[in-house]
Structures are given as C-alpha cells and as structure tokens.
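Okay, structure first, notes after.
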Amino acid sequence: MQMPEKYLPRDASEIDFDTLRQHATDAMRKAYAPYSKFNVGAAAYVDDGRIIAGCNVENASYGVGLCAECALVGALHMSGGGKIVAFTCVDGHGNILMPCGRCRQLLWENSLPDMIMETVSGIKRLHDVLPDAFGPADLEERA
Ligand code: THU
C-alpha cells in the first residue's frame, strides 16, 4: 500500500481555508444542539492532507454535551490518526468561532504545536492561543 504524502504547510498561504470552512459549515448543519440551539462545526487538515470534521452533540444531561472539536478528534482517530496541521471552527451562521478552553487542550494533544488556525482575530498558531500548554511531555518529565 502506498503511504500518503506528508502535508506540512509552513504558513496560511499554503492552506485552502475556504475549503476547510466549507467542510466545517457542512458539519455544523449536522449538529445536534436542541438545548443551546447553538450549532457548531469544526474541520481540520491532517498531516497526510486529509480533511476531518465534526459537529457538537448535546445531551439532556447538559454538562456532558460534546463540542464539535470532540467529534473532530474522534474522526481523526477513526480515520487513521495523525496530527492536525490546520483548523477552523464555525458557528451557526458560518462565522469563525474560537474553540473553548477545554477544546484548545484537546486540539493541543492531537495537533502539531505550530498548527495554523483561523481565529476571530486572524490567523494564529495553536501555541499562540494555548501558551505554555500542559501536555503529555509534562507527565513524563515530572513523573
Ligand atoms: N461549542 C463547541 O462545539 N465548540 C466550542 O469550542 C465552543 C462551544 C458548543 C458546545 C455547546 O453545544 C454549544 O456550543 C453552546 O456552548
């Protein structure tokens, strides 16, 4: 079997964010958000070039609802793993939405640290929105 090429964009100009936002918007339309009525969709490029997406899935037990990023990370592992290299997230109007704090942590463990993301204040790197992140290395180094 031929292994996929590595896809490691150096900056945002190498990323088709229009396509990524379209995938996020399509995912957002599948959201199950009857409680908040706040649909969210997320999409990402993986380091082999494939696109993954996810929507939020709420629950009658409000506190256990899943953000779109949770479904996205599930899709990452279910479709072959790898690391996220570019990410976008949209609200119910298709406008860019920031990942919540918990989901920034979730993205951290499943992305390259300099993963490129669309934010409400322009293109940023994941380490810009989660500085000095706690991660798997801390567990090993401080054990
Ligand atoms: N939500 C996400 O899916 N991702 C985020 O990063 C922010 C919040 C969802 C969770 C909940 O279903 C709804 O938005 C309202 O908070």
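Indexing begins at 1, ligand by ligand and atom by atom, following the structure's order. Everything numeric here is computed off the predicted structure, so don't read it as measured data.
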### Query
Is a side-chain donor-acceptor pair under 3.5 Å present for S13 with D11?
yes
Item to check | Distance-only polar pair, side chains of D26 and Q22, donor-acceptor under 3.5 Å | outcome: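 Present: a donor and an acceptor within the cut-off.
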Keeping the roles fixed (side chain from [X], backbone from [Y]), state whether a donor-acceptor pair exists under 3.5 Å.
{"X": "D91", "Y": "G94", "result": "yes"}
{"X": "E58", "Y": "Y35", "result": "yes"}
{"X": "R125", "Y": "P113", "result": "no"}

Atoms in ligand 1 flagged as close to [X], the criterion being non-hydrogen separation under 4.0 Å:
{"X": "M98", "value": "6 (O)"}
{"X": "F38", "value": "13 (C), 14 (O), 15 (C)"}
{"X": "E58", "value": "11 (C), 12 (O), 13 (C)"}
{"X": "V40", "value": "1 (N), 2 (C), 3 (O), 4 (N), 9 (C), 14 (O)"}
{"X": "S36", "value": "13 (C), 15 (C)"}

Of C67, C55, A33, C89, the residue with the heavy atom nearest atom 1 (N) of ligand 1 is C67
If you compare C103, C100, C70 by their heavy atoms, the one closest to atom 6 (O) of ligand 1 turns out to be C100
(request) Answer yes or no for P99: is there a heavy-atom contact with ligand 1 below 4.0 Å? (result) yes
| Is it true that R102 lies under 4.0 Å from ligand 1, counting heavy atoms only? | no
task = Could you tell me whether atom 16 (O) of ligand 1 has at least one protein heavy atom nearer than 4.0 Å?
result =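 Looking at atom 16 (O) of ligand 1, one finds that no protein heavy atom lies closer than 4.0 Å.
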Logged contact type for E69 with ligand 1, heavy-atom cut-off 4.0 Å, is side chain
For ligand 1, indicate whether the residue A68 contacts it via side chain, backbone, both or neither (heavy-atom separation under 4.0 Å).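 Both backbone and side chain of A68 come within 4.0 Å of ligand 1.
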Atom 9 (C) of ligand 1: closest protein heavy atom, distance to 0.1 Å, is N56 ND2, 3.6 Å
Linking I/L/V/M/F/W/Y whenever their side-chain heavy atoms sit closer than 4.5 Å, directly or via other members, would L112 and F17 fall into one cluster?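 Yes; tracing contacts between hydrophobic side chains, which count when under 4.5 Å, links both residues.
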- Query: So if you build clusters from Ile, Leu, Val, Met, Phe, Trp, Tyr with side-chain heavy-atom gaps below 4.5 Å, do I116 and I51 land together?
  - Reply: yes
| task | Nearest 0.5 Å please: distance from the CG atom of N95 over to the CZ atom of R21. | result |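 That separation rounds to 10.0 Å.
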| Residue K83 excluded, over 12 heavy atoms near NZ under 6.0 Å |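 Above 12, so yes.
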